[in-house]
Colleague: 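First the structure, which I've put down as structure tokens, then a few questions once you've had a look.
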Amino acid sequence: MHSASRHSSRSALRFGLLVLLLASALASVPVPAGAVDEATLALDRINGFRAALGLAPLARHPALDRAAQAHADYYFLNYGDPALSGLGLHEERPGKPGFTGADILARARAQGYEGSVNENIGFTGSLLESVDAFMTTVNHRLPLIDPRYQHIGFGTVNRDGVRIEVLMVGTLAPWSEEADPDWVVWPLDGSNGVGTHFWGEAPNPFPGARYPLGYPVTAKYFGPGSVTFTRGELFEGDRAVPVHFATGSGWLTRRAAFLAATEPLRPGATYRYAIEGMVDGAPFRLTGSFRTARSADEELLTAPPAVPLPPALAGAPSAVQELWRRVDGPVASGRATGWMFGPDAWAIRWEPYAESPGGRRQVVYLDKARLELNDPNGAPSSEWFVTSGLLVREMVLGQLQVGDTRFVARPPAELPLAGDPAPASADPPTYASLRARSSLVTGLPVPDRTGRPIVEVLHRDGSVTIDPAREFPGAVYAGYDPVTGHNSAQPFVEWLARQPWNPLYVVGRPIADPYWVLVHVAGQPRWVLVQAFERRVLTYTPDNPAGWQVEMGNVGRHYYAWRYGELPASATLP
């Protein structure tokens, strides 16, 4: 079901989606050893599909998580109600146990999500199996690979014989028919391990068809102008395969075409598809090929589109290049905003490190991080094959790390935590200002202050004062880390929860509590909430535009200036 905007009518909202999942026809999906959060694995799988299509990743949103889980709980509490069938699965009735809203839009609003939303529901008992099942359909596939959606939430119930998986996607951007790229076609040209069957769903994309059909091909247009579809074809070798071909007209499927063989596809066979039509009177023809899975447990494999490397990164280790392409490639190509590491490397060096081969490791400096290749003989498949340096920890503590347990003492960094660089920013707090405030120095954990407003102001000399005027809605302590003994601010906790990456890898643990600081931004005084983590500094500026209130500091540049005394004019490879 899809809500086109906050002004969508109830009639539009009634076009719900219910996948008719036949679990006996689906191969079980193995869960990696040690995995404890299947939602994270499901999100990784969805974002893998999106990356292959060149789409920005979805990020988990706490409000959508709450809305999805609340609806799963509603289903559990009202299990057996005849209304909970067909498209009625996406509706709730006032007065029933667990009621949070009559439709998807109302349920999202009840949890604080103010954007456009959509929902998929499955009954496999596994989020991973449901995601794979959704991708074998038409209506349930399209929301997962729609470039307009930014966020996702998960809800599950699997107890007392009741199973349901709820996935809610949403966007806070104004709803539009247009997006980038112009076309999203699935399966991607060159895919291997594609499924053979389509077991059907509601609403039925192929009225009158006898199921099961072959794995469906979908093509949706997001470009400017009007589109019409005229023909869809499928071939196995030179043989034309009989197909059902249809176009959509609802909120979700309009400007989309889909085709499926009238019979299940043969395992291990290669198929070619073609979809033709007109965009503003100009003809188009979309083509591609795929190979079906040879067995039920063969994994679906797609290749992400190549992103050209910026000049300096071309000289970086291949593992660093691959990481940058995966994480910052969508930003470089304009499909996403907000650099994770930076637009290019500006220094590639060999630095001493006791445990690395020959006592040195290769590192790559970018605006927001230093990426490190500690052991080139390690396992490239490991998330930690390329590490992200503990730069903030080193600058705050005044400990330059040259081995797992080896450090060189030097003064903490007298560089502004946020705002304009010194001296443009008048007397701002620095990394050094936090040294006496870190439990890593004092050895004393800070009390858990969860729920209390943050009114503490940090000054350059390291002193802290209380300013009640700094109390701001939502700026409260939330999330206590018992390992480092520090609180985190709610804006940072919620922002991190929405990210598709591992926060310990990118940001690390908090090494100081959050503080308000008065800095200059573009020459103007601004109050900013700042918090130091092991690898990054996060800032929260309440009066920034939505989407830019939480930002990451340029700690890669700060650290380089602290360690080497200056920044290179361009990338250097000493």
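The analysis underlying the following values was restricted to heavy atoms, covering all of them including side chains, and did not include hydrogens, waters or symmetry mates. Residue numbers start at 1 and run along the sequence shown. Keep in mind that what you see is a predicted model, and the values were worked out from it rather than measured.
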Colleague: When rounded to the nearest 0.5 angstrom, what distance separates CZ in Arg393 from CD in Glu534?
Modeller: 6.0 Å
Colleague: Looking at Glu456 and Arg437, is there a salt bridge between them, counting it only when a charged N and a carboxylate O are closer than 4.0 Å?
Modeller: no
Colleague: Would you say Glu471 has more than 12 foreign heavy atoms packed within less than 6.0 Å of its CD?
Modeller: no
Colleague: OG1 of Thr156 to CG of Leu127: how many Å apart, nearest 0.5 Å?
Modeller: 5.5 Å
Colleague: Check whether any side-chain heavy atom of Arg509 lies under 4.5 Å from a side-chain heavy atom of Leu504, and answer yes or no.
Modeller: yes
Colleague: Below 3.5 Å, can you tabulate the donor-acceptor pairs from side chains in residues 396-407 to any protein atom, sequence neighbours excluded?
Modeller:
residue: Gln401; atom: NE2; partner: Gly403; partner atom: O; Å: 3.0
residue: Gln401; atom: NE2; partner: Asp404; partner atom: O; Å: 3.4
residue: Asp404; atom: OD1; partner: Tyr353; partner atom: OH; Å: 2.8

Colleague: Any side-chain donor paired with an acceptor under 3.5 Å for Tyr564 and Arg349?
Modeller: yes
Colleague: Is it the case that the side chains of Gln150 and Thr171 hold a donor-acceptor pair, with the cut-off being a distance below 3.5 Å and no angle test?
Modeller: yes
Colleague: Are any non-hydrogen side-chain atoms of Leu417 and His558 less than 4.5 angstrom apart?
Modeller: no
Colleague: Just by distance, no angles: are the side chains of Glu372 and Ser388 close enough, under 3.5 Å, to form a donor-acceptor pair?
Modeller: no
Colleague: Please output the side-chain donor-acceptor pairs of residues 56-67 that fall under 3.5 Å, not counting sequence neighbours, one pair per line with the distance.
Modeller:
residue: Arg60; atom: NE; partner: Asp65; partner atom: OD2; Å: 3.3
residue: Arg60; atom: NH1; partner: Asp37; partner atom: OD2; Å: 3.4
residue: Arg60; atom: NH2; partner: Asp65; partner atom: OD1; Å: 3.3
residue: Arg60; atom: NH2; partner: Asp65; partner atom: OD2; Å: 3.2
residue: His61; atom: ND1; partner: Ala63; partner atom: N; Å: 3.1
residue: Asp65; atom: OD1; partner: Phe154; partner atom: N; Å: 2.8
residue: Arg66; atom: NE; partner: Gln111; partner atom: OE1; Å: 3.4
residue: Arg66; atom: NH2; partner: Gln111; partner atom: O; Å: 2.8

Colleague: Considering residues at least two apart in sequence or located in another chain, which fulfil the ring pair (Phe, Tyr, Trp, His ring centres under 6.0 Å) criterion with Tyr365?
Modeller: Trp346, Tyr560
Colleague: Taking Arg563 first and then Glu351, would you say they form a salt bridge - that is, a charged N and a carboxylate O separated by under 4.0 Å?
Modeller: yes
Colleague: Would you say Leu55 and Phe49 make side-chain contact, with heavy atoms under 4.5 Å?
Modeller: no
Colleague: Just jot down the ring pair (Phe, Tyr, Trp, His ring centres under 6.0 Å) partners of Trp527, sequence neighbours excluded, or say none.
Modeller: none
Colleague: We want to know whether Asn554 and Arg536 form a side-chain donor-acceptor pair, criterion being a heavy-atom distance below 3.5 angstrom.
Modeller: no
Colleague: Rounded to the nearest 0.5 Å, how far does CG of Leu43 lie from CD of Gln499?
Modeller: 10.5 Å
Colleague: At what distance, to the nearest 0.5 angstrom, does CG of Asp375 lie from CG of Asn377?
Modeller: 5.0 Å
Colleague: Check step by step if ring pair (Phe, Tyr, Trp, His ring centres under 6.0 Å) holds for Trp175 and Tyr149.
Modeller: CA-CA 10 Å; Trp175 190 254; Tyr149 289 120; 5.5 Å; yes
Colleague: Does the ring center of Tyr559 lie less than 6.0 Å from the ring center of Trp562?
Modeller: yes
Colleague: Side-chain contact test, heavy atoms from C-beta onward, threshold under 4.5 Å: evaluate it for Phe533 versus Leu538 and give yes or no.
Modeller: yes
Colleague: Working to the nearest 0.5 Å, report the span between OG of Ser130 and CD of Glu165.
Modeller: 3.5 Å
Colleague: Can a donor-acceptor pair be found between the side chains of Thr430 and Glu414 at a distance below 3.5 Å?
Modeller: yes
Colleague: Give every donor-acceptor pair under 3.5 Å between a side-chain atom in residues 315-323 and any protein atom, sequence neighbours left out.
Modeller:
residue: Gln321; atom: NE2; partner: Leu313; partner atom: O; Å: 3.0
residue: Gln321; atom: NE2; partner: Ala314; partner atom: O; Å: 3.1
residue: Gln321; atom: NE2; partner: Ala316; partner atom: O; Å: 3.1

Colleague: For residues Phe341 and Trp324, establish whether the separation of their ring centroids is below 6.0 Å.
Modeller: no
Colleague: Distance only, no hydrogens: is a donor on one side chain within 3.5 Å (strictly under) of an acceptor on the other, for Thr465 and His459?
Modeller: yes
Colleague: Could you walk me through whether Arg370 and Glu394 pass salt bridge (Lys or Arg N to Asp or Glu O under 4.0 Å), step by step?
Modeller: CA-CA 12 Å; Arg370 178 184 65 194; Glu394 291 186 39; 3.6 Å; yes
Colleague: Please output the side-chain donor-acceptor pairs of residues 482-491 that fall under 3.5 Å, not counting sequence neighbours, one pair per line with the distance.
Modeller:
residue: Thr484; atom: OG1; partner: Pro510; partner atom: O; Å: 2.7
residue: His486; atom: ND1; partner: Asp513; partner atom: N; Å: 3.3
residue: His486; atom: ND1; partner: Asp513; partner atom: OD1; Å: 2.9
residue: His486; atom: NE2; partner: Ser439; partner atom: N; Å: 3.0
residue: His486; atom: NE2; partner: Ser439; partner atom: OG; Å: 3.3
residue: His486; atom: NE2; partner: Ile511; partner atom: O; Å: 3.3
residue: Asn487; atom: OD1; partner: Arg449; partner atom: N; Å: 2.8
residue: Asn487; atom: ND2; partner: Pro447; partner atom: O; Å: 2.9
residue: Asn487; atom: ND2; partner: Asp513; partner atom: OD2; Å: 3.1
residue: Gln490; atom: NE2; partner: Glu494; partner atom: OE2; Å: 3.2

